[in-house]
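The structure appears right after this line, and notes come after that.
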Amino acid sequence: MITSPSYYDQIGGAPVVRDVVERFYERVLGDDDLKPYFTGIDMPRLKRHMVMLLCSVLGGPEPYEGRDLGEAHTGMGITSQHYDKVGEHLFAVLQDSGVGEDILRDVGLVLTKVKSSIVAEPVETAD
């Protein structure tokens, strides 16, 4: 039986994911609309959790064992607009890293799936 490599392996594994996460947070923290969400946040800890989460989403060997995303974002008042903006930053960094369209599509599906758990306002759906 022949199996294709996971997305995690296709992009280069943990070193690439760590680099993506580092550049992602540089962009997010440089965005005046998003920066206030990170005031007082332990960024090294958050980055470690994001690496674990992204590795898991990409099919890496370690499962994500952090807090539930909804629980972790409760009380933050994240708007749909700001959530989408964070996703745009993630996509830009992934594209800059040479990630293929199939991976981008699947990451987009995950972002759509978890949005309602993270956004504090009702999530609009396309009819």
Side-chain angles (χ1 to χ4, degrees):
M1 181 173 157
I2 299 173
T3 59
S4 59
S6 68
Y7 290 156
Y8 173 83
D9 291 328
Q10 287 178 40
I11 69 166
V16 173
V17 173
R18 282 192 295 271
D19 180 62
V20 164
V21 168
E22 193 62 39
R23 290 185 296 124
F24 165 72
Y25 280 113
E26 285 173 9
R27 288 180 64 112
V28 168
L29 294 173
D31 187 317
D32 290 338
D33 289 336
L34 301 176
K35 189 173 183 172
Y37 287 107
F38 299 91
T39 302
I41 298 295
D42 179 349
M43 289 306 297
R45 182 174 181 265
L46 180 60
K47 288 176 184 179
R48 282 191 305 274
H49 280 278
M50 183 63 172
V51 167
M52 289 187 299
L53 179 60
L54 192 53
C55 284
S56 180
V57 166
L58 296 171
E62 299 295 324
Y64 175 71
E65 296 178 347
R67 286 193 304 166
D68 172 78
L69 293 177
E71 176 187 323
H73 294 90
T74 297
M76 294 183 70
I78 298 172
T79 67
S80 183
Q81 177 186 3
H82 288 156
Y83 181 86
D84 292 345
K85 208 170 192 189
V86 167
E88 289 168 13
H89 286 302
L90 179 59
F91 272 89
V93 172
L94 288 169
Q95 287 175 319
D96 288 347
S97 298
V99 169
E101 290 298 319
D102 54 341
I103 297 172
L104 291 173
R105 181 192 66 243
D106 284 356
V107 168
L109 290 172
V110 171
L111 289 175
T112 298
K113 182 179 175 183
V114 301
K115 184 175 183 175
S116 63
S117 298
I118 294 172
V119 172
E121 61 191 33
V123 177
E124 294 179 24
T125 57
D127 292 323

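Numbering starts at 1 and runs along the sequence shown. Basis for what follows: all heavy atoms, side chains included, without hydrogens, waters or symmetry-related copies.
- Atom NE2 of His49 sits about 10.5 Å away from atom CD of Glu65, to the nearest 0.5 Å.
- By the criterion of side-chain heavy atoms lying less than 4.5 angstrom apart, applied directly or through intervening Ile, Leu, Val, Met, Phe, Trp or Tyr residues, Leu53 is grouped together with Met76 in one hydrophobic cluster.
- Here Leu69 contributes atom CG and Ile118 contributes atom CD1; the two are 5.0 Å apart, rounded to the nearest 0.5 Å.
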*asked:* Apply side-chain contact (heavy atoms from CB on, under 4.5 Å) to residues Val17 and Ile11 and explain how you reach the verdict.
replied: CA-CA 8 Å; Val17 173; Ile11 69 166; 3.8 Å; yes

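- Atom CD of Glu26 and atom CD of Glu22 lie 5.5 Å apart (nearest 0.5 Å).
- Phe91 is not connected to Leu109 by any chain of hydrophobic side-chain contacts under 4.5 Å among Ile, Leu, Val, Met, Phe, Trp and Tyr, and they are in different clusters.
- Checking side-chain atoms of Ser56 against main-chain N and O of Met52 turns up no donor-acceptor pair under 3.5 Å.
- Atom CE in Met43 sits 5.0 Å away from atom CG in Leu46 (nearest 0.5 Å).
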*Applying side-chain contact (heavy atoms from CB on, under 4.5 Å), run through Lys115 and Ser80 and close with a yes or a no.*
CA-CA 8 Å; Lys115 184 175 183 175; Ser80 183; 2.9 Å; yes

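- Closest non-hydrogen pair, Thr79 versus Tyr37, comes out as N-OH, 3.5 Å.
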*Going through the distances and angles, do Phe24 and Val86 end up as a side-chain contact (heavy atoms from CB on, under 4.5 Å)?*
CA-CA 9 Å; Phe24 165 72; Val86 167; 3.5 Å; yes

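- Residues Val93 and Leu104 share a single hydrophobic cluster, defined by chaining ILVMFWY side chains whose heavy atoms lie under 4.5 Å apart.
- When all heavy atoms of Asp9 and Pro5 are compared, the pair lying nearest together is CB-CB, 3.9 Å.
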*Could you go step by step and tell me if Leu58 and Asp106 meet the side-chain contact (heavy atoms from CB on, under 4.5 Å) rule?*
CA-CA 9 Å; Leu58 296 171; Asp106 284 356; over 6 Å; no

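- The structure places OH of Tyr25 at 12.0 Å from NE2 of His89, a figure rounded to the nearest 0.5 Å.
- Here the shortest heavy-atom pairing between Tyr8 and Cys55 reads CE1-SG, 3.5 Å.
- Val119 is connected to Phe38 through a chain of hydrophobic side-chain contacts under 4.5 Å among Ile, Leu, Val, Met, Phe, Trp and Tyr, so both are in one cluster.
- At least one donor-acceptor pair closer than 3.5 Å links the side chain of Tyr83 to the backbone N or O of Leu111.
- Considering only residues two or more places apart in sequence or on other chains, Asp31 meets the salt bridge (Lys or Arg N to Asp or Glu O under 4.0 Å) condition with Lys85.
- The heavy-atom pair separating Gly77 from Ala120 by the smallest distance is CA-CB, 3.7 Å.
- Heavy atoms from other residues, nucleotides or ligands lying under 6.0 Å from CZ of Arg105 number more than 12.
- Counting non-hydrogen atoms of other residues, nucleotides and ligands closer than 6.0 Å to CG of Asp42 gives a total above 12.
- His73 pairs with exactly one of Ile78, Asp68, Val114 by the side chain to side chain contact (heavy atoms under 4.5 Å, CB included) rule, that one being Ile78.
- The side-chain heavy atoms of Arg48 and Val51, taken from C-beta on, include no pair separated by under 4.5 Å.
- Once rounded to the nearest 0.5 Å, the distance linking CG of Leu34 with CZ of Arg27 reads 10.5 Å.
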